[in-house]
Q: 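If you scroll down you'll find the structure; I have some questions about it.
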2 protein chains.
Amino acid sequence: MARCQVDYAGRLTAHLPMATRVLMLKADGSVLIHADGGSYKPLNWMSPPCNLREGTTDDGDIEWMVSSPKSDDTLRILIFEILHDTSHELGIDPGLQKDGVEKHLQELLAEHPASLAPGLTLVRREFPTAIGPVDLMCRDSRGSSVAVEIKRRGEIDGVEQLTRYLELLNRDPLLHPVSGIFAAQLIKPQARVLAEDRGITCVTVDYDALRGIDDAEHRLF
Amino acid sequence: MARCQVDYAGRLTAHLPMATRVLMLKADGSVLIHADGGSYKPLNWMSPPCNLREGTTDDGDIEWMVSSPKSDDTLRILIFEILHDTSHELGIDPGLQKDGVEKHLQELLAEHPASLAPGLTLVRREFPTAIGPVDLMCRDSRGSSVAVEIKRRGEIDGVEQLTRYLELLNRDPLLHPVSGIFAAQLIKPQARVLAEDRGITCVTVDYDALRGIDDAEHRLF
DNA sequence: CTCTAGATCTCGGCC
DNA sequence: GGCCGAGGTCTAGAG
């Protein structure tokens with residue numbers, strides 16, 4: 001905890017006027033400067049790897065020069081008053097265990113393709129193309145190929161992504177014609193307009209309902 | 001500083017096994033859980049606004065329940081041992097003063113459009129369209145319209161963005177034909193290929209040189 | 001290593 | 001308030 005002033009120079013230049021803040025130095029050399037509010041993003045910071053040099057200004061204040069050895073980013077911290085100072089060894093953290101995001105949605109839809117369109121069947125998940133994998137490759141009731149792009153939130157870039165896949169897939173005479181389905185828990189209006197203008201079908205997915213169906217089916221066995 | 005274990009449930013579920021970490025509680029109620037490494041992103045957190053309730057487990061350990069009043073996110077922190085505990089009022093921070101990013105690049109190019117192509121002149125910055133503003137609308141030496149998209153780093157999504165603008169602008173008989181220039185300090189190879197495949201001209205911009213020209217011109221007055 | 005796409009993104013601007 | 005674009009994005013995963 002210190003009254004400090006900070007100047008950053010790198011991809012941009014930024015300045016923090018003098019105020020009381022939290023300075024956190026991590027074991028890997030990284031530095032975080034936090035205010036008493038806002039979200040988790042620090043006011044300013046320096047990512048590892050970086051080096052910290054401590055010096056003194058002509059006025060007798062503490063000066064920290066933090067610099068990155070690979071980029072030319074620098075952070076200069078002037079410390080006018082130390083209100084609190086403590087140091088602890090934490091060791092290596094076992095890390096965060098995550099569960100259930102877009103991947104789970106893809107798994108559920110892969111098991112229940114017909115929930116996207118009647119008669120739809122799965123060909124394969126993560127169907128490979130030269131520009132990246134298509135989330136689901138399916139066939140409709142008439143045997144035509146259908147590429148499915150799945151998002152938690154459907155926005156314009158997702159439509160662009162599916163459009164690129166469709167353009168590429170439709171060059172393959174063995175697959176042509178390939179149609180597209182854009183599936184998401186929520187589809188933004190602009191994304192829907194763009195998708196439908198390009199002949200892509202939009203489907204909003206009810207995650208909880210789908211999970212319910214899935215659980216019910218598994219209970220049958 | 002505490003030995004703790006954390007469970008988050010909300011947009012996803014996540015778990016942090018017991019380990020020693022930094023717990024930061026901010027004045028606005030937000031909570032950050034940091035390890036002794038990684039970058040500025042906490043292992044887990046709760047964004048403001050949120051409420052913290054302190055309780056005790058059957059084993060006598062401290063339990064913090066942090067919940068959001070608007071979403072249904074919850075964070076449960078079990079504290080097994082407190083290694084250090086300190087509290088300070090920091091007050092409101094004057095905040096970060098930023099300078100010089102994409103906006104500055106746009107200003108410089110608006111003042112020196114001919115650096116993008118010989119004879120190019122500015123019509124207007126932030127030229128409005130139904131799907132968003134075009135960074136620079138210009139005219140070439142023959143009087144044809146030229147839409148310019150400016151990025152610090154030129155990647156595929158920037159090319160897609162310009163492509164959408166061009167498609168829309170070219171529907172306007174008063175503007176047609178509109179050509180495109182994709183300007184960036186650095187253009188990724190894949191973005192360049194895509195742009196050139198679509199007839200979009202790529203220009204890499206030397207920010208420092210441009211600033212030098214600009215400074216020199218201002219010194220003349 | 002690069003490139004791609006997601007993120008409990010965060011943050012700011014504009015409407 | 002929402003939507004949209006940018007970020008010193010960061011981060012994980014695939015090729």
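First the proteins, then the strands, lettered A, B, ... as listed; each starts at 1.
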Q: For the OH atom of Tyr40(B) and the NZ atom of Lys26(A), what is their distance to the nearest 0.5 Å?
A: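 It is 11.5 Å, given to the nearest 0.5 Å.
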
Q: Once you round it to whole Å, what is the distance between P of dA6(D) and CD of Gln185(B)?
A: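 In whole Å, dA6(D) P lies 14 Å from Gln185(B) CD.
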
Q: Between Val31(B) and Leu23(B), is there a side-chain heavy-atom distance shorter than 4.5 Å?
A: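 Side-chain contact under 4.5 Å: no.
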
Q: Figure out the CG/C1' separation between Leu12(B) and dC9(C), and round it to whole Å.
A: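 It works out to 11 Å between those atoms.
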
Q: Mind calculating the distance between CG (Leu96(A)) and C1' (dA7(C)) to the nearest angstrom?
A: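 Whole-Å distance recorded here is 12 Å.
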
Q: Checking contacts here: which listed nucleotide (dT11(D), dT10(C), dA6(D)) is nearest the side-chain heavy atoms of Ser47(B)?
A: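 Minimum distance to the Ser47(B) side chain belongs to dT10(C).
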
Q: Run through Lys151(B), Glu126(B), Glu111(B) and flag the one making a side chain to side chain donor-acceptor pair (under 3.5 Å) with Gln106(B).
A: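 The residue from Lys151(B), Glu126(B), Glu111(B) that satisfies side chain to side chain donor-acceptor pair (under 3.5 Å) with Gln106(B) turns out to be Glu126(B).
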
Q: Calculate the interatomic distance between Leu194(A) atom CG and dG5(D) atom P; express it in whole Å.
A: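 Taking CG of Leu194(A) and P of dG5(D), I get 11 Å after rounding.
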
Q: Is the CD atom of Glu89(A) crowded by more than 12 outside heavy atoms at less than 6.0 Å?
A: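 It does not: Glu89(A) CD has 12 such atoms or fewer within range.
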
Q: On DNA chain C, does the nearest nucleotide to Pro42(A) precede the nearest nucleotide to Lys70(A) from the 5' side, or the other way round? Give the residue.
A: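 Closest to the 5' end, via its nearest nucleotide, is Lys70(A).
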
Q: Would you indicate which nucleotide in dA5(C), dA6(D), dC10(D) comes nearest to any side-chain atom of Ser39(B)?
A: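 Closest nucleotide to the Ser39(B) side chain: dC10(D).
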
Q: Roughly how many Å is it from CD in Glu160(B) to C1' in dA6(D), rounded to a whole number?
A: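 Taking atom C1' of dA6(D) as the reference, CD of Glu160(B) is at 17 Å.
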
Q: Do Leu116(A) and Thr201(A) touch side chain to side chain, with heavy atoms closer than 4.5 Å?
A: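 Contact flag for Leu116(A)/Thr201(A) side chains = no.
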
Q: For Glu155(B) and for Leu43(B), find the nucleotide of DNA chain C with the closest heavy atom, then tell me which residue's nucleotide is more 5'.
A: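 Here Glu155(B) is the residue nearer the 5' end.
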
Q: Quick one: Gln161(B) CD to dC3(D) P, roughly how many Å, whole number?
A: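 The distance from CD of Gln161(B) to P of dC3(D) comes to 19 Å, rounded to the nearest Å.
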
Q: Select base, sugar-phosphate, or nothing to describe what Tyr8(B) touches, counting heavy atoms under 4.0 Å on all strands.
A: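 Base, at least one base atom sits under 4.0 Å.
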
Q: Identify, between Arg164(B) and Met46(A), the residue whose nearest nucleotide on DNA chain D lies closer to the 5' end.
A: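 Nearest-nucleotide comparison on DNA chain D picks Arg164(B).
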
Q: For Lys41(B) and for Asp73(A), locate the closest nucleotide of DNA chain D by heavy-atom distance; then report the residue assigned to the nucleotide nearer the 5' terminus.
A: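 Checking each residue's closest nucleotide, the 5'-ward one belongs to Asp73(A).
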
Q: Taking CD from Gln106(B) and P from dG7(D), how many angstroms apart are they, rounded to a whole number?
A: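 Going from Gln106(B) (CD) to dG7(D) (P), I get 12 Å.
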
Q: Between Asp157(B) (CG) and dC4(D) (P), how many Å, whole number?
A: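 It works out to 16 Å between those atoms.
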
Q: Within the structure shown, what part of the strands sits under 4.0 Å from Tyr165(B) by heavy-atom distance: base, sugar-phosphate, or nothing?
A: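 Nothing, no nucleic acid heavy atom in range.
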
Q: In terms of side-chain heavy atoms of Lys151(B), which of dC10(D), dA6(D), dC9(C) is nearest?
A: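 For Lys151(B), the side-chain atoms sit closest to dA6(D).
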
Q: Given dC10(D), dC3(C), dT10(C), which nucleotide is nearest the side-chain atoms of Trp45(A)?
A: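 Among the listed nucleotides, the one closest to the side chain of Trp45(A) is dC10(D).
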
